[in-house]
Student: 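One structure is given below, represented as structure tokens, and several questions about it will come after.
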Amino acid sequence: MRSTAWTLLVSAFAILGFNCYSAYGDLVNLENFSAAARADFSRYAMFDAFTGVSCMVLMLSVGIIAANVVVSEYSTGLIRATFVAVPARHGVMAAKLAVVATVSLSYGLVVVGGSFFVTQAILDGKGVGLSITDPGVPERLLASVLMAPLTALVAMVIGVLVRHSIGTLTTFVGAFMLLPLALSERLYATAVLGHLTPYRAWVRIADIEFGSRPYPWTTSGAWTVYAVWAALATILTVVVAQRRDH
């Protein structure tokens, strides 16, 4: 649909704008940073490359598009015609998953890669920009890129389960995007629950949190969260579509 292209285009410009604004702000205020902050400025540069706000914009835009891929057919009833034409429901959903994952991965590569190079060029105005070959940078960029297809897979499974546009978007935004922000890092139980969410996993891998955390965890654990969510979302989408309404 035409709205898909517009959503991706507008959100890409929004992401680039947020990140450039953050990078320019740090560049202008660099002299006001403490000596310790300037010595560890690579964390600020990595934050500027892809901010938390930008990650939320990416999640929202990709999630809306991915959910609509399945919800639009369920809400209009066209899914029945689709399953009549292709009785192998698992094949239909596998194809949808493959297309959406590919498109969202490509989108992630463009917006994350573009933001990194532009923001670091801005910071290089005072010689504090990062290179893509610097230690830890490829891993952090990869986590940001992969957030796009991971979000798409989760949005699709929510769409298959809920089947209504408003309910799907409400569930997606509330459970996938806002809940991780509401879970406190100061309590063990909520910290652990937060660690099980993809957004917190991204924050851990990207290493953009400043200050100490009472319940730290490992990047390997964060990558595991990515893998488990992606696998479960894929399997559930196919299984639910295959067995529901039979």
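Keep in mind that this is a model prediction, so the values were computed, not measured. Atom set for the values below is all heavy atoms of this structure, side chains included, hydrogens, waters and symmetry mates excluded.
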Student: According to a hydrophobic-cluster definition based on side-chain heavy atoms being under 4.5 Å apart (Ile, Leu, Val, Met, Phe, Trp, Tyr only), do Leu178 and Val57 belong together?
Tutor: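 Yes, it is one cluster - the side chains of Leu178 and Val57 are joined through contacts under 4.5 Å.
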Student: If hydrophobic clusters are built from ILVMFWY residues whose side chains come within less than 4.5 Å, do Val99 and Val69 share one?
Tutor: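 Val99 clusters together with Val69.
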Student: Using side chain to side chain contact (heavy atoms under 4.5 Å, CB included) as the criterion, point out the one residue from Leu58, Val112, Thr51, Val110 that pairs with Ile15.
Tutor: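 With Ile15 as partner, Leu58, Val112, Thr51, Val110 yield a single side chain to side chain contact (heavy atoms under 4.5 Å, CB included), made by Leu58.
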Student: Please work out whether the ring planes of Trp217 and His195 are parallel, tilted or perpendicular, with thresholds of 30° and 60°.
Tutor: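 Parallel: the ring planes of Trp217 and His195 meet at under 30°.
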Student: Strictly below 4.0 Å, N to O, side chains only: are Glu31 and Lys126 in salt-bridge contact?
Tutor: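 Lys126 and Glu31: salt-bridged.
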Student: With side chains defined as the heavy atoms from C-beta onward, is the minimum distance between Met56 and Val53 less than 4.5 Å?
Tutor: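 No - every pair of side-chain heavy atoms lies 4.5 Å or more apart.
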Student: Would you say Phe18 has more than 12 foreign heavy atoms packed within less than 6.0 Å of its CZ?
Tutor: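 At most 12 heavy atoms, drawn from other residues, nucleotides or ligands, come within 6.0 Å of this atom.
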Student: Going from CZ on Phe50 to CH2 on Trp202, what distance comes out if it is rounded to the nearest 0.5 angstrom?
Tutor: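 Here the rounded value is 6.5 Å.
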Student: Do you see a donor-acceptor pair shorter than 3.5 Å between the side chains of Ser22 and Tyr44?
Tutor: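 Not at all, the side chains of Ser22 and Tyr44 share no donor-acceptor pair under 3.5 Å.
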Student: Does the side chain to side chain donor-acceptor pair (under 3.5 Å) test come out yes or no for Ser11 and Tyr107, once each step is laid out?
Tutor: CA-CA 10 Å; Ser11 61; Tyr107 171 75; 2.5 Å; yes
Student: For Ser54 and Asn19, which I'm curious about, is there any donor-acceptor pair between the side chains at under 3.5 Å?
Tutor: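 Note: Ser54 and Asn19 side chains meet the donor-acceptor criterion.
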Student: Check this for me: Tyr215, atom OH, are more than 12 non-hydrogen atoms of other residues, nucleotides or ligands nearer than 6.0 Å?
Tutor: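 Yes, enclosed.
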Student: Look at the side-chain heavy atoms of Ile, Leu, Val, Met, Phe, Trp and Tyr, link any pair under 4.5 Å apart, and say whether Leu181 and Met59 land in one connected group.
Tutor: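 Linked within one cluster.
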Student: List the steps, then state whether side-chain contact (heavy atoms from CB on, under 4.5 Å) holds for Ser42 with Leu130.
Tutor: CA-CA 7 Å; Ser42 61; Leu130 294 172; 3.8 Å; yes
Student: Could you tell me how the ring of Tyr226 sits relative to the ring of Trp223: parallel (under 30°), tilted (30 to 60°) or perpendicular (over 60°)?
Tutor: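 Geometry flag for Trp223 against Tyr226: perpendicular rings.
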Student: Between Phe33 and Phe41, is the ring centroid distance below 6.0 Å?
Tutor: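 Between Phe33 and Phe41, the centre distance is under 6.0 Å.
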